[in-house]
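All values below come from the heavy atoms of this structure, side chains included, with hydrogens, waters and symmetry mates left out.
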Amino acid sequence: MVVLKRKIIDFIKKTNIIKKINYNEFVFYFLFGLKSQFGQFKININTNCLVLSQYPGAETKGLGGLIAQYPKNFEILCLTNGSAMLSEFNPIESASIKKQQFSDVMKSIRVKGHKIFDIDSKTLKNYYSTFKKIDISEADYIFVPNVYDNNIDTIALLRHFKQILKDKEHKENLKIIMFESDFPMCTLDYFVNIETILETKKRMLSYYYPQDKFPNLIDKILGLNAFRAIQHNCEYCEAFMFFSVEEFLKIPHI
């Protein structure tokens with residue numbers, strides 16, 4: 001099968017068929033590429049993980065279970081303040097509430113480090129000067145929202161991140177990991193079993209989405225984790241797509 005996939009990719013490259021049919025080259029490459037499907041992802045004691053979240057709560061939806069399993073390995077940076085997330089409040093009030101929720105979640109699981117930037121929702125594209133101050137030099141893994149998220153701040157985050165990968169020092173073997181927050185991914189590399197930490201993830205989500213204001217939303221979020229687990233002989237898992245820096249920089253349309 002691997003040989004067949006390699007032959008298909010070589011044929012596509014030689015015939016330049018992607019340009020001829022105007023097909024989404026990113027989808028094609030990773031649907032038919034040679035990535036190792038569905039390995040189990042684990043973190044060792046010395047691994048440094050950096051999470052770049054596009055809004056307060058995205059990090060918990062996408063990898064709250066993984067963070068809760070290894071809190072001392074994680075630094076979480078939330079790039080926007082949630083000023084447009086609560087329609088019943090004005091932007092200042094909404095930002096204040098979302099920033100407090102983010103802080104409460106991070107403190108509840110005792111992550112190594114966390115920070116929320118005072119950048120209003122939907123304006124991250126204007127703040128590369130702030131974004132470029134992020135230190136990525138010690139990270140072994142950097143988690144970012146996936147490229148399919150239909151969110152203006154996600155697009156800005158990925159574009160800014162792509163630029164700092166070009167401009168700033170990072171480890172030679174750095175891995176970029178996309179997580180699922182607003183939209184699922186079409187293909188995956190690794191999964192993490194979160195059965196034993198599920199109640200903790202529910203509690204984390206409840207800070208952002210209390211049952212009285214968001215009925216059944218947490219169950220719906222965890223529904224994706226249940227669906228992902230079908231293939232892995234467990235009840236709930238989080239799933240991810242891995243990239244080398246070279247692969248990430250080649251992703252089109254960012």
Side-chain angles (χ1 to χ4, degrees), residues 49 51-71 74-111 114-124 143-146 148-157 177-185 191-229 234-240:
C49 300
V51 178
L52 304 180
S53 179
Q54 69 272 41
Y55 61 81
E59 76 296 323
T60 300
K61 287 197 290 184
L63 63 152
L66 177 61
I67 296 169
Q69 287 184 44
Y70 304 98
F74 276 90
E75 180 180 4
I76 319 294
L77 302 182
C78 184
L79 277 302
T80 66
N81 60 18
S83 63
M85 294 186 70
L86 301 175
S87 58
E88 66 269 36
F89 296 99
N90 67 46
I92 294 175
E93 291 171 330
S94 179
S96 177
I97 293 169
K98 300 308 292 185
K99 285 190 285 187
Q100 187 61 55
Q101 290 172 346
F102 175 78
S103 177
D104 289 345
V105 170
M106 296 301 110
K107 289 178 181 177
S108 74
I109 56 171
R110 300 180 180 180
V111 296
H114 67 275
K115 178 180 179 180
I116 184 167
F117 289 65
D118 197 19
I119 296 174
D120 286 341
S121 303
K122 303 180 182 180
T123 68
L124 184 57
F143 293 79
V144 297
N146 86 76
Y148 296 113
D149 274 4
N150 186 23
N151 181 306
I152 189 172
D153 288 325
T154 297
I155 295 168
L157 187 157
I177 305 175
M178 284 187 181
F179 60 85
E180 300 177 298
S181 52
D182 293 339
F183 281 80
M185 290 182 282
F191 74 97
V192 174
N193 186 337
I194 62 168
E195 285 178 2
T196 60
I197 207 77
L198 185 67
E199 292 305 315
T200 301
K201 181 169 182 175
K202 286 182 180 179
R203 187 168 65 251
M204 294 164 69
L205 287 167
S206 71
Y207 284 94
Y208 293 116
Y209 310 110
Q211 176 70 13
D212 59 329
K213 293 184 179 180
F214 302 92
N216 303 317
L217 181 57
I218 293 176
D219 289 338
K220 292 176 182 178
I221 291 170
L222 296 176
L224 178 61
N225 297 144
F227 176 75
R228 293 302 188 202
C234 60
E235 294 298 320
Y236 293 89
C237 74
E238 293 167 343
F240 306 96

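Closest non-hydrogen pair, Ser94 versus Ala84, comes out as OG-N, 4.2 Å. Across Ala68 and Met204, no two heavy atoms sit closer than the pair CB-SD, 4.1 Å. Between Phe143 and Cys49, the shortest heavy-atom distance links the atoms CE1-CB, 4.0 Å. Taking all atoms of both residues into account, the shortest heavy-atom contact from Leu66 to Glu238 is N-OE1, 3.0 Å. In this structure, Cys78 and Pro56 approach most closely via the heavy-atom pair SG-N, 3.2 Å. Across every non-hydrogen atom of Thr154 and Asn146, the tightest pair is CG2-O, 3.8 Å.
Within the cation-pi definition used here (under 6.0 Å to the ring centroid, within 45° of the axis), Lys98 qualifies as a partner of Tyr209.
Put simply, the residue from Glu195, Lys201, Glu180 that forms a side chain to side chain contact (heavy atoms under 4.5 Å, CB included) with Asn225 is Lys201.
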Give the C-alpha distance, both sets of side-chain angles, the deciding distance and a yes or no for side-chain contact (heavy atoms from CB on, under 4.5 Å) between Tyr55 and Met85. CA-CA 9 Å; Tyr55 61 81; Met85 294 186 70; 3.5 Å; yes
Test side-chain contact (heavy atoms from CB on, under 4.5 Å) applied to Ser181 and Gln54, step by step: CA-CA 10 Å; Ser181 52; Gln54 69 272 41; 3.1 Å; yes
Mind running side-chain contact (heavy atoms from CB on, under 4.5 Å) on Ile116 and Ser103 for me, showing each step along the way? CA-CA 8 Å; Ile116 184 167; Ser103 177; over 6 Å; no
I'd like to know whether Phe179 forms a side-chain contact (heavy atoms from CB on, under 4.5 Å) with Met185, so could you lay out the CA-CA distance, the side-chain angles of the two residues, the decisive distance to 0.1 Å, and finally the verdict. CA-CA 8 Å; Phe179 60 85; Met185 290 182 282; 5.7 Å; no
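Contact of the Asn216 side chain with the Gln211 side chain is registered, since non-hydrogen atoms from C-beta on lie closer than 4.5 Å. Between Val111 and Val51, every side-chain heavy-atom pair lies at or beyond the 4.5 Å cut-off.
Environment of CZ in Phe214: crowded, with over 12 heavy atoms of neighbouring residues, nucleotides or ligands closer than 6.0 Å.
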